[in-house]
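No hydrogens, no waters, no symmetry mates; every other heavy atom, side chains included, goes into these values. All chains are named by letter (A, B, ...) in the order of the sequence lines, taking the proteins before the strands, and each is independently numbered beginning at 1.
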2 protein chains.
Amino acid sequence: MITNMERVKKILNQAGVKPSLQRMAVMSYLMEHKTHPTVDEIFSALSPSIPTLSRTTIYNTLKLLVKQGVVMMLTIDENCTRYDADISEHAHFICSVCGKVYDIEIPHIGDIRLNAGFEVTERHLYVKGVCSKCKGFN
Amino acid sequence: MITNMERVKKILNQAGVKPSLQRMAVMSYLMEHKTHPTVDEIFSALSPSIPTLSRTTIYNTLKLLVKQGVVMMLTIDENCTRYDADISEHAHFICSVCGKVYDIEIPHIGDIRLNAGFEVTERHLYVKGVCSKCKGFN
DNA sequence: ATTAAAATTGTAATGATTACAAATATGGAG
DNA sequence: CTCCATATTTGTAATCATTACAATTTTAAT
């Protein structure tokens with residue numbers, strides 16, 4: 001276990017989320033695996049170590065973590081929702097060949113002109129294309 | 001019918017899409033209704049005038065139009081895919097209260113630093129929040 | 001008019017997500 | 001520690017968007 005469980009517990013507490021075993025496992029997994037995993041990937045990874053784990057718990061937990069603002073929901077993949085514990089401002093690239101989602105550094109997201117009275121809570125910059133691996137490089 | 005059917009036919013032909021009755025109806029609907037409709041909204045709207053119309057045809061047509069680059073698929077709404085015949089560079093705002101998707105003008109999408117060998121085909125800027133109507137203004 | 005290819009249709013299957021009720025765990029009061 | 005109320009987890013069933021697929025219809029060329 002790379003991620004310090006005390007650190008995970010602290011993050012959840014600060015977000016107002018009671019740090020149960022399952023919630024810590026999900027949050028910890030997201031922090032250790034910056035691959036923008038799906039619910040199923042998270043479930044498959046955690047299931048062996050928590051045999052009673054249910055998919056519903058993953059869904060519940062992720063919904064809660066997103067609501068509390070410590071996890072970001074990505075809709076870049078039209079097949080299923082992906083999740084990211086990195087809530088810093090960055091963009092995502094999805095390869096249309098292998099489906100892998102990469103992080104992209106962005107100096108700043110483009111200027112956005114909103115009409116008066118609009119309140120912004122989230123900004124997402126998604127880029128689609130073919131990654132270097134699938135293009136045959138390296 | 002506001003949109004000139006000859007114009008729709010021309011667009012489809014130029015995109016290499018044979019302009020059947022159904023395809024013209026879908027493309028025309030998207031051009032006239034800049035509301036980023038879902039498959040169901042398109043189906044419900046066109047069904048009365050084309051009684052034999054099938055949902056599958058809408059799905060097939062949209063997939064084709066997206067592949068040929070005359071329609072854009074939006075994944076801003078986690079519940080279902082939305083479609084847009086405006087393929088110019090612009091961003092989208094979704095209201096988390098009413099679910100309506102608005103167009104946003106953007107001077108330019110943020111600078112994106114990609115690693116070498118990555119090929120970009122699409123760029124999407126999504127903003128989420130609460131629209132002025134749902135905030136109680138106007 | 002014939003016929004092969006393309007397009008459309010309807011139904012059934014798939015798969016992610018949600019609803020919901022039962023079971024379990026937690027944490028405080030006595 | 002024990003009891004109880006509440007929160008959390010779990011498993012199953014339901015929902016709903018999307019896809020698969022085979023049959024039917026249309027199209028366009030010969």
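Distance, B:Met73 CE to D:dA17 C1': 12 Å, rounded to whole Å. Per the geometry, CG belonging to B:Leu62 stands 15 Å off P belonging to C:dA7, to the nearest Å. For B:Leu53 and C:dT8, the CG to P distance is 9 Å, given to the nearest whole Å. Per the geometry, CG belonging to A:Asn13 stands 15 Å off P belonging to C:dT26, to the nearest Å. Note: CD (B:Glu78) to P (D:dA17) measures 14 Å, nearest angstrom.
Judged purely by atom type and a 3.5 angstrom limit, A:Thr38 has no side-chain atom pairing as donor or acceptor with the backbone of A:Arg82. No side-chain donor-acceptor contact under 3.5 Å links B:Ser44 to the backbone of B:Glu41. Between the B:Ser96 side chain and the B:Gly129 main chain, a donor and an acceptor come within less than 3.5 Å of each other. Listed for the A:Arg123 side chain is no donor-acceptor partner under 3.5 Å among the backbone atoms of B:Val127.
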Protein within reach of the bases, or only the backbone? For nucleotides 22-30 of chain D, mark each nucleotide 5' to 3' as B, S or -, using heavy atoms under 4.0 Å.
---------
Give the table of side-chain donor-acceptor pairs shorter than 3.5 Å for residues 10-24 of chain B, with sequence neighbours excluded, one pair per line with atom names and distance.
| unit_1 | atom_1 | unit_2 | atom_2 | d |
| --- | --- | --- | --- | --- |
| B:Asn13 | ND2 | B:Lys9 | O | 3.4 |
| B:Ser20 | OG | B:Arg23 | N | 3.2 |
| B:Arg23 | NH1 | B:Lys18 | O | 3.1 |

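Residue B:Glu122 holds its CD atom at 10.5 Å from CD1 of A:Ile94, rounded to the nearest 0.5 Å.
Minimum heavy-atom separation, B:Asp111 to A:Ile106: O-CG2, 3.5 Å. Of all the heavy atoms in A:His36 and A:His92, the pair that sits closest is NE2-CD2, 3.4 Å.
Look at A:Gln22 and you'll find a side-chain N or O under 4.0 angstrom from OP1 or OP2 of D:dT10. Phosphate contact (OP1/OP2 of C:dT9, side-chain N/O of B:Thr57, threshold under 4.0 Å): present.
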Please list, for nucleotides 15-20 of chain C, all pairs of protein and nucleotide N/O atoms separated by less than 3.5 Å.
| unit_1 | atom_1 | unit_2 | atom_2 | d |
| --- | --- | --- | --- | --- |
| C:dT17 | OP1 | A:Thr81 | N | 3.1 |
| C:dT17 | OP1 | A:Thr81 | OG1 | 2.8 |
| C:dT17 | OP2 | A:Tyr59 | OH | 2.9 |

